[in-house]
Amino acid sequence: MERENQTIIIEFILVGFSSVLQLQYFLFMIFLCIFMISLLAHMFIILLYRFSPNLHTPMYFFLANFSIVEICYALTISPKMLVNLSQHKSISFYGCAVQMCCYLLLASAECYMLAAMAYDRYNAICHPLLYNNIMRKIVCIRLVIGCWLIGAMVGVVQTKLIFSLPFCRSNKINNFYCDIPPLISLACNNTQFNEIIMLIITFIIIVGPFIVIVISYANIIWTILKHHPAGMRKKTFSTCTSHLIVVCLSGGSSTIMYLRPKSSYGMNEEKFLSLLYAIIAPLMNPFIYSLRNNDVKKAVKKVMCDIK
């Protein structure tokens, strides 16, 4: 990183929710509860997969790995946000870089994990006879590793580009974590190249998986309507609905946040979308999968009976 970066700015101030000082402690308690519930819910899904043999299928293998990503994601964003709410709002230059790198890695891995889950549902419904051969354990492991590798590449490359910029306008980041748009706004030279690269990488991590998901579900819907009797359609659709809800919740907010025109950026809108994507979505996802999934409900009942 350039010497200029280190001499001009050695730390950033995360503005966060400073505009509502009277609600700081209330927000602290709310976000702490959300953080703890989210961690426990995702850990429960991982343990449920580990100790429930009937869930040892590719679908739940991806779901367990998705929960691992979500736990890491929560640990990257929430603890620093909670500290900021207790008035200590600074983050070091390199601490900000590490947080951004981890955040981008996990967000990218999450998008590709959702695409892998859609691909799994496509093979399960469209190619049921070949499913076990196509989605072998080694294939699933390679898909998960691929998600992490793509995430690592995106995180390192994008973070290097952003933190190579000279920041001299201000050290105040108008968000509760180190995100790309507010950091670019602090740069004191032309950021057009960085904005183009950000757009390209955003297309890679959002639009790429989205295309895979759309193609997968287009084939799924066609197969269900063409080959499945009316009585089985509802049951078949129900196995995909929870995944689609998670895609809309996570993918929708990230798409609006990073692919909308720069001129439409608003400080309050930016924070709301960040809050939805980084805090609310990780909380909702495990409950969406659990409440709409009969296999998970049966596994929970079995575990509860075994405990008794």
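The residues of the chain are indexed from 1 along the displayed sequence.
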Visitor: Nearest 0.5 angstrom please: Met135 CE to Met59 CE, how far?
Guide: 12.0 Å

Visitor: Got Phe35 and Leu283 here, is their nearest side-chain heavy-atom distance under 4.5 Å?
Guide: no

Visitor: Does the gap between the ring centers of Phe12 and Phe167 come in under 6.0 Å?
Guide: yes

Visitor: Residues in disulfide (SG to SG under 2.5 Å) with Cys96, at least two apart?
Guide: Cys178

Visitor: Counting only N and O atoms by type, is there a donor-acceptor contact under 3.5 Å from the side chain of Lys89 to the main-chain atoms of Asn84?
Guide: yes

Visitor: Mind running ring-ring contact (aromatic ring centres under 6.0 Å, His included) on Phe163 and Tyr94 for me, showing each step along the way?
Guide: CA-CA 9 Å; Phe163 282 86; Tyr94 293 106; 8.4 Å; no

Visitor: Do the non-hydrogen side-chain atoms of Ile141 and Lys137 ever get within less than 4.5 Å of each other?
Guide: yes

Visitor: Between the main-chain N or O of Asn133 and the side-chain N or O of Arg136, is there a donor-acceptor pair closer than 3.5 Å?
Guide: yes

Visitor: Test Thr76 against Tyr177 for side chain to side chain contact (heavy atoms under 4.5 Å, CB included), laying out the working first.
Guide: CA-CA 9 Å; Thr76 299; Tyr177 66 98; over 6 Å; no

Visitor: State the CD1-CG distance between Ile134 and Leu130, to the nearest 0.5 angstrom.
Guide: 5.0 Å

Visitor: With side chains defined as the heavy atoms from C-beta onward, is the minimum distance between Thr202 and Ile180 less than 4.5 Å?
Guide: no

Visitor: Any side-chain to backbone donor/acceptor pair from Ser52 onto Leu55? Under 3.5 Å, distance only.
Guide: no

Visitor: For Met100 and Asp179, what are the C-alpha separation, side-chain angles and deciding distance, and is it a side chain to side chain contact (heavy atoms under 4.5 Å, CB included)?
Guide: CA-CA 6 Å; Met100 176 180 283; Asp179 199 8; 5.6 Å; no

Visitor: Can you name the closest pair of heavy atoms from Thr159 and Ala97 and give their distance?
Guide: CG2-O, 3.4 Å

Visitor: Nearest 0.5 Å, please: how far is CG in Leu183 from CG in Asn174?
Guide: 11.5 Å

Visitor: Is Ile279 linked to Leu40 within one hydrophobic cluster, defined over Ile, Leu, Val, Met, Phe, Trp and Tyr using a side-chain heavy-atom separation of less than 4.5 Å?
Guide: no

Visitor: Listed by chain and number, what are the side chain to side chain contact (heavy atoms under 4.5 Å, CB included) partners of Phe210, not counting sequence neighbours?
Guide: Val214

Visitor: Taking all non-hydrogen atoms of both residues into account, name the closest pair between Ser170 and Leu186 and its distance.
Guide: O-CD1, 3.7 Å

Visitor: Do Glu11 and Ile91 touch side chain to side chain, with heavy atoms closer than 4.5 Å?
Guide: no

Visitor: I need the Leu32 CG to Met81 CE distance, nearest 0.5 Å.
Guide: 9.0 Å

Visitor: So which atom in Ile213 and which in Ala115 form the shortest heavy-atom distance, rounded to 0.1 Å?
Guide: CG1-CA, 3.9 Å

Visitor: Is the distance from the ring center of His56 to that of Tyr49 below 6.0 Å?
Guide: yes

Visitor: Judged by modelled atom types alone, do Glu70 and Asn285 share a side-chain donor-acceptor pair under 3.5 Å?
Guide: yes

Visitor: Could you see if Ile37 belongs to whatever hydrophobic cluster contains Phe31? Use Ile, Leu, Val, Met, Phe, Trp, Tyr and a side-chain cutoff under 4.5 Å.
Guide: yes

Visitor: Just do the side chain to side chain contact (heavy atoms under 4.5 Å, CB included) check on Leu47 and Phe51 with the steps written out, would you?
Guide: CA-CA 6 Å; Leu47 292 173; Phe51 295 106; 4.0 Å; yes

Visitor: In sequence, state the C-alpha distance, the side-chain angles, and the governing distance for Gln158 and Ile162, and then conclude on side chain to side chain contact (heavy atoms under 4.5 Å, CB included).
Guide: CA-CA 6 Å; Gln158 186 69 287; Ile162 295 298; 4.1 Å; yes

Visitor: So if I apply the side-chain contact (heavy atoms from CB on, under 4.5 Å) rule between Cys101 and each of Val156, Val154, Leu106, which one comes out positive?
Guide: Val156

Visitor: Within the structure provided, determine whether Leu85 and Tyr25 are in side-chain contact (heavy-atom separation under 4.5 Å).
Guide: no

Visitor: Out of curiosity, does Ile71 fall in the hydrophobic cluster containing Ile288 (side-chain heavy atoms, cut-off under 4.5 Å, transitive links)?
Guide: yes

Visitor: Compare every heavy atom of Ala74 with every heavy atom of Pro79, then report the nearest pair and how far apart it is.
Guide: CD-O, 3.3 Å

Visitor: Which pairs, with at least one residue in residues 125-149 and sequence neighbours excluded, count as a ring-ring contact (aromatic ring centres under 6.0 Å, His included)?
Guide: Tyr122-His127

Visitor: Do Phe62 and Leu114 have side-chain heavy atoms sitting under 4.5 Å apart?
Guide: no

Visitor: Taking Asn65 for the side chain and Phe61 for the main chain, is one N or O donor matched with an acceptor at less than 3.5 Å?
Guide: yes

Visitor: Is there a chain of hydrophobic side chains (I, L, V, M, F, W, Y, each step under 4.5 Å between heavy atoms) that links Phe287 to Val69?
Guide: yes

Visitor: Would Val139 and Val212 show up in the same hydrophobic cluster when neighbours are defined by side-chain heavy atoms closer than 4.5 Å?
Guide: no

Visitor: Could you grab the distance from atom CG of Leu63 to atom CD1 of Ile46, nearest 0.5 Å is fine?
Guide: 9.0 Å

Visitor: Can you tell if the side chain of Asn175 reaches within under 4.5 Å of the side chain of Val15, non-hydrogen atoms only?
Guide: no

Visitor: Less than 4.5 Å apart, any side-chain heavy atom of Ser92 and any of Ile10?
Guide: no

Visitor: Compare every heavy atom of Ile150 with every heavy atom of Tyr112, then report the nearest pair and how far apart it is.
Guide: CE1-CG2, 3.7 Å

Visitor: Angle between ring planes, Tyr103 versus Tyr73, binned at 30° and 60°: parallel, tilted or perpendicular?
Guide: tilted

Visitor: So which heavy atom on Ile45 is nearest to which on Ser67, and how close?
Guide: CG2-OG, 3.5 Å

Visitor: With no hydrogens and no angle check, is any side-chain donor or acceptor of Ser38 less than 3.5 Å from a backbone partner on Pro282?
Guide: yes

Visitor: Atom CD in Glu110, atom CG in Leu105: separation rounded to 0.5 Å?
Guide: 11.5 Å

